[in-house]
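Here the structure is laid out as C-alpha coordinates; the discussion comes afterwards.
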Amino acid sequence: MRLVLLLLVGLLQVDVALANDFTVYLIRHGEKQLEQGKDPALTVDGLQRADNLAQMLSAVPLTAIYSTDYRRTQQTVAALAGQKGIEVQSYPPGQLATLAATLKQHRQNALVVGHSNTTPELLALLGGGDVQMDESNYGDLYQLVFVDDKVLVTHLRVPLQP
(Lines give C-alpha, C1' and ligand atoms only; values in the text may rest on other atoms or scores of the structure.)
Protein backbone atom coordinates (compact mmCIF):
# COMPACT_ATOMS: atom_id res chain seq x y z
CA MET A 1 0.00 0.00 0.00
CA ARG A 2 2.80 2.36 0.89
CA LEU A 3 4.52 1.60 -2.43
CA VAL A 4 1.33 2.43 -4.32
CA LEU A 5 1.03 5.72 -2.44
CA LEU A 6 4.65 6.60 -3.20
CA LEU A 7 4.13 5.79 -6.90
CA LEU A 8 0.98 7.93 -6.97
CA VAL A 9 2.76 10.87 -5.36
CA GLY A 10 5.60 10.46 -7.85
CA LEU A 11 3.17 10.52 -10.79
CA LEU A 12 1.52 13.66 -9.46
CA GLN A 13 4.88 15.35 -9.21
CA VAL A 14 5.64 14.41 -12.82
CA ASP A 15 2.26 15.85 -13.88
CA VAL A 16 2.98 19.07 -12.01
CA ALA A 17 6.40 19.30 -13.65
CA LEU A 18 4.90 18.69 -17.08
CA ALA A 19 2.22 21.31 -16.38
CA ASN A 20 4.98 23.93 -16.26
CA ASP A 21 6.08 23.05 -19.79
CA PHE A 22 4.38 24.87 -22.65
CA THR A 23 4.64 25.27 -26.40
CA VAL A 24 4.45 28.33 -28.61
CA TYR A 25 4.02 28.14 -32.37
CA LEU A 26 5.12 31.02 -34.61
CA ILE A 27 4.18 31.47 -38.25
CA ARG A 28 4.07 34.21 -40.83
CA HIS A 29 0.71 34.88 -42.48
CA GLY A 30 -0.21 33.02 -45.67
CA GLU A 31 0.31 34.26 -49.20
CA LYS A 32 -1.18 37.73 -49.65
CA GLN A 33 -2.70 39.66 -52.54
CA LEU A 34 -0.03 41.85 -54.11
CA GLU A 35 -2.00 44.91 -55.13
CA GLN A 36 -4.42 45.69 -52.32
CA GLY A 37 -2.70 48.52 -50.44
CA LYS A 38 -1.41 48.28 -46.87
CA ASP A 39 -3.89 45.65 -45.70
CA PRO A 40 -4.23 42.96 -48.37
CA ALA A 41 -6.29 39.82 -48.01
CA LEU A 42 -4.92 36.33 -48.54
CA THR A 43 -4.77 34.77 -51.98
CA VAL A 44 -6.44 31.44 -52.77
CA ASP A 45 -3.09 29.77 -51.92
CA GLY A 46 -2.90 31.71 -48.67
CA LEU A 47 -6.39 30.57 -47.66
CA GLN A 48 -5.47 26.97 -48.56
CA ARG A 49 -2.33 27.18 -46.41
CA ALA A 50 -4.42 28.62 -43.55
CA ASP A 51 -6.78 25.62 -43.81
CA ASN A 52 -3.77 23.29 -43.81
CA LEU A 53 -2.43 25.03 -40.70
CA ALA A 54 -5.77 24.44 -38.97
CA GLN A 55 -5.66 20.79 -39.95
CA MET A 56 -2.03 20.43 -38.89
CA LEU A 57 -2.66 21.93 -35.42
CA SER A 58 -6.10 20.39 -34.89
CA ALA A 59 -4.85 17.97 -32.22
CA VAL A 60 -2.61 20.53 -30.49
CA PRO A 61 -4.13 21.72 -27.18
CA LEU A 62 -3.86 25.45 -27.86
CA THR A 63 -5.27 27.83 -25.27
CA ALA A 64 -4.42 31.13 -26.98
CA ILE A 65 -4.05 32.52 -30.49
CA TYR A 66 -2.39 35.88 -31.16
CA SER A 67 -2.46 37.88 -34.37
CA THR A 68 -1.82 41.39 -35.57
CA ASP A 69 -4.89 43.34 -36.71
CA TYR A 70 -4.08 42.98 -40.40
CA ARG A 71 -6.52 41.04 -42.60
CA ARG A 72 -3.86 38.61 -43.81
CA THR A 73 -2.88 37.51 -40.29
CA GLN A 74 -6.49 37.36 -39.10
CA GLN A 75 -7.44 35.25 -42.12
CA THR A 76 -4.48 32.93 -41.48
CA VAL A 77 -5.83 31.97 -38.05
CA ALA A 78 -9.58 32.22 -38.69
CA ALA A 79 -10.15 28.53 -39.49
CA LEU A 80 -8.08 27.30 -36.54
CA ALA A 81 -9.63 29.76 -34.09
CA GLY A 82 -13.12 28.76 -35.24
CA GLN A 83 -12.29 25.07 -35.01
CA LYS A 84 -10.98 25.43 -31.45
CA GLY A 85 -13.46 28.05 -30.26
CA ILE A 86 -10.64 30.41 -29.28
CA GLU A 87 -10.98 34.17 -29.57
CA VAL A 88 -8.01 35.66 -31.41
CA GLN A 89 -6.11 38.18 -29.30
CA SER A 90 -4.62 41.11 -31.19
CA TYR A 91 -1.13 42.39 -30.51
CA PRO A 92 0.65 45.47 -31.85
CA PRO A 93 3.57 44.41 -34.08
CA GLY A 94 5.74 47.15 -32.59
CA GLN A 95 5.50 45.68 -29.08
CA LEU A 96 7.06 42.25 -29.54
CA ALA A 97 9.06 42.39 -26.28
CA THR A 98 5.79 42.82 -24.39
CA LEU A 99 4.21 39.90 -26.27
CA ALA A 100 7.25 37.70 -25.56
CA ALA A 101 7.05 38.54 -21.85
CA THR A 102 3.30 37.78 -21.84
CA LEU A 103 3.82 34.41 -23.52
CA LYS A 104 6.53 33.44 -21.05
CA GLN A 105 4.52 34.65 -18.05
CA HIS A 106 1.25 32.93 -19.00
CA ARG A 107 3.03 29.70 -19.97
CA GLN A 108 0.19 28.62 -22.21
CA ASN A 109 0.19 26.71 -25.46
CA ALA A 110 -0.23 29.43 -28.06
CA LEU A 111 -0.02 30.23 -31.74
CA VAL A 112 1.29 33.62 -32.85
CA VAL A 113 0.79 34.77 -36.44
CA GLY A 114 3.00 37.60 -37.62
CA HIS A 115 4.92 38.98 -40.56
CA SER A 116 8.29 38.47 -42.28
CA ASN A 117 9.84 41.13 -40.05
CA THR A 118 8.10 40.29 -36.75
CA THR A 119 8.19 36.47 -36.69
CA PRO A 120 12.02 36.22 -36.68
CA GLU A 121 12.26 38.96 -34.06
CA LEU A 122 9.74 37.26 -31.77
CA LEU A 123 11.51 33.93 -32.24
CA ALA A 124 14.76 35.54 -31.05
CA LEU A 125 13.05 37.30 -28.12
CA LEU A 126 11.67 33.94 -26.97
CA GLY A 127 15.15 32.40 -27.05
CA GLY A 128 14.65 30.45 -30.26
CA GLY A 129 17.64 31.79 -32.17
CA ASP A 130 18.03 33.83 -35.30
CA VAL A 131 16.30 33.13 -38.60
CA GLN A 132 16.03 35.19 -41.74
CA MET A 133 12.70 35.64 -43.47
CA ASP A 134 11.72 37.61 -46.55
CA GLU A 135 8.62 38.23 -48.63
CA SER A 136 8.90 34.79 -50.27
CA ASN A 137 8.75 32.78 -47.02
CA TYR A 138 5.38 31.13 -46.49
CA GLY A 139 4.55 28.03 -44.50
CA ASP A 140 7.49 28.11 -42.07
CA LEU A 141 6.11 27.09 -38.68
CA TYR A 142 8.35 27.27 -35.62
CA GLN A 143 7.50 25.13 -32.60
CA LEU A 144 9.13 26.37 -29.39
CA VAL A 145 8.83 23.93 -26.50
CA PHE A 146 9.70 25.50 -23.16
CA VAL A 147 11.03 22.91 -20.71
CA ASP A 148 12.49 24.19 -17.46
CA ASP A 149 14.94 26.91 -18.56
CA LYS A 150 15.43 25.54 -22.07
CA VAL A 151 13.76 26.26 -25.39
CA LEU A 152 13.64 23.44 -27.91
CA VAL A 153 12.96 24.72 -31.42
CA THR A 154 11.63 22.65 -34.30
CA HIS A 155 11.21 24.11 -37.78
CA LEU A 156 8.12 22.65 -39.46
CA ARG A 157 6.45 23.29 -42.81
CA VAL A 158 2.78 23.89 -43.46
CA PRO A 159 2.29 22.54 -46.97
CA LEU A 160 0.35 24.34 -49.65
CA GLN A 161 -1.28 21.11 -50.81
CA PRO A 162 -3.18 19.01 -48.24
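Source: prediction; values computed, not measured.
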If we only count heavy atoms from C-beta on, is the [X] to [Y] side-chain gap below 4.5 Å?
X      : Y      : value
Leu111 : Leu26  : no
Tyr25  : Val60  : yes
Gln74  : Val88  : yes
Glu135 : Lys32  : yes
Thr154 : Val145 : no
Leu144 : Leu123 : yes

*For Val112 and Thr119, what are the C-alpha separation, side-chain angles and deciding distance, and is it a side-chain contact (heavy atoms from CB on, under 4.5 Å)?*
CA-CA 8 Å; Val112 180; Thr119 301; over 6 Å; no
Working to the nearest 0.5 angstrom, can you tell me the gap between [X] [atom1] and [Y] [atom2]?
X     : Y      : atom1 : atom2 : result
Gln55 : Gln83  : CD    : CD    : 8.5 Å
Ile27 : Thr73  : CD1   : OG1   : 12.0 Å
Arg72 : Thr68  : CZ    : OG1   : 7.0 Å
Asp21 : Thr23  : CG    : OG1   : 8.0 Å
Thr76 : Tyr138 : OG1   : OH    : 9.5 Å
Leu96 : Leu103 : CG    : CG    : 10.0 Å

*Please report the C-alpha distance between Glu121 and Asn117 in whole Å, then the side-chain angles of each, then the deciding distance to 0.1 Å, and finally whether the side-chain contact (heavy atoms from CB on, under 4.5 Å) criterion is met.*
CA-CA 7 Å; Glu121 184 178 344; Asn117 61 333; over 6 Å; no
Heavy-atom pair of closest approach, residues [X] and [Y]:
X      : Y      : result
Gln89  : Ala64  : NE2-CB, 3.9 Å
Gly128 : Val153 : CA-CG2, 3.6 Å
Asp130 : Ala124 : OD1-CB, 3.8 Å
Gln75  : Leu42  : OE1-N, 2.7 Å

*Output every pair passing ring-ring contact (aromatic ring centres under 6.0 Å, His included) with a member in residues 66-104, not counting sequence neighbours, ordered by first then second residue.*
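Counting only pairs at least two positions apart or across chains, the ring-ring contact (aromatic ring centres under 6.0 Å, His included) contacts touching residues 66-104 are Tyr70-His115.
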*Pair Asp140 + Arg28: basic N to acidic O under 4.0 Å*: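 Answer for the salt bridge query: no.
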*Walk me through it: do Met56 and Leu156 pass the test side-chain contact (heavy atoms from CB on, under 4.5 Å)?*
CA-CA 10 Å; Met56 193 171 170; Leu156 306 166; 4.1 Å; yes
_Donor + acceptor pair across side chains of Gln33, Thr43 (<3.5 Å)_ =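 Thr43 and Gln33 do not have a side-chain donor-acceptor pair below 3.5 Å.
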*Any luck finding a side-chain donor-acceptor pair between Asp134 and Ser116 under 3.5 Å?*
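Checked: Asp134/Ser116 side chains show no N/O donor-acceptor pair below 3.5 Å.
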_Evaluation steps, side-chain contact (heavy atoms from CB on, under 4.5 Å), between Phe146 and Leu126_ = CA-CA 9 Å; Phe146 293 82; Leu126 291 169; 4.1 Å; yes
*State which residue, out of Asp45, Asp51, Asn52, fulfils the side-chain hydrogen bond (donor to acceptor under 3.5 Å, both in side chains) condition with Gln48.*
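Going through the options one by one, the only one that passes is Asn52.
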*Evaluate the criterion side-chain hydrogen bond (donor to acceptor under 3.5 Å, both in side chains) for residue pair Asp69 and Ser90; output intermediate values, then yes/no.*
CA-CA 6 Å; Asp69 281 330; Ser90 293; 2.5 Å; yes
_Applying a strict under-4.5 Å side-chain criterion to I, L, V, M, F, W and Y, I'd like to know whether Leu62 and Leu99 cluster together._
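Each belongs to a different hydrophobic cluster.
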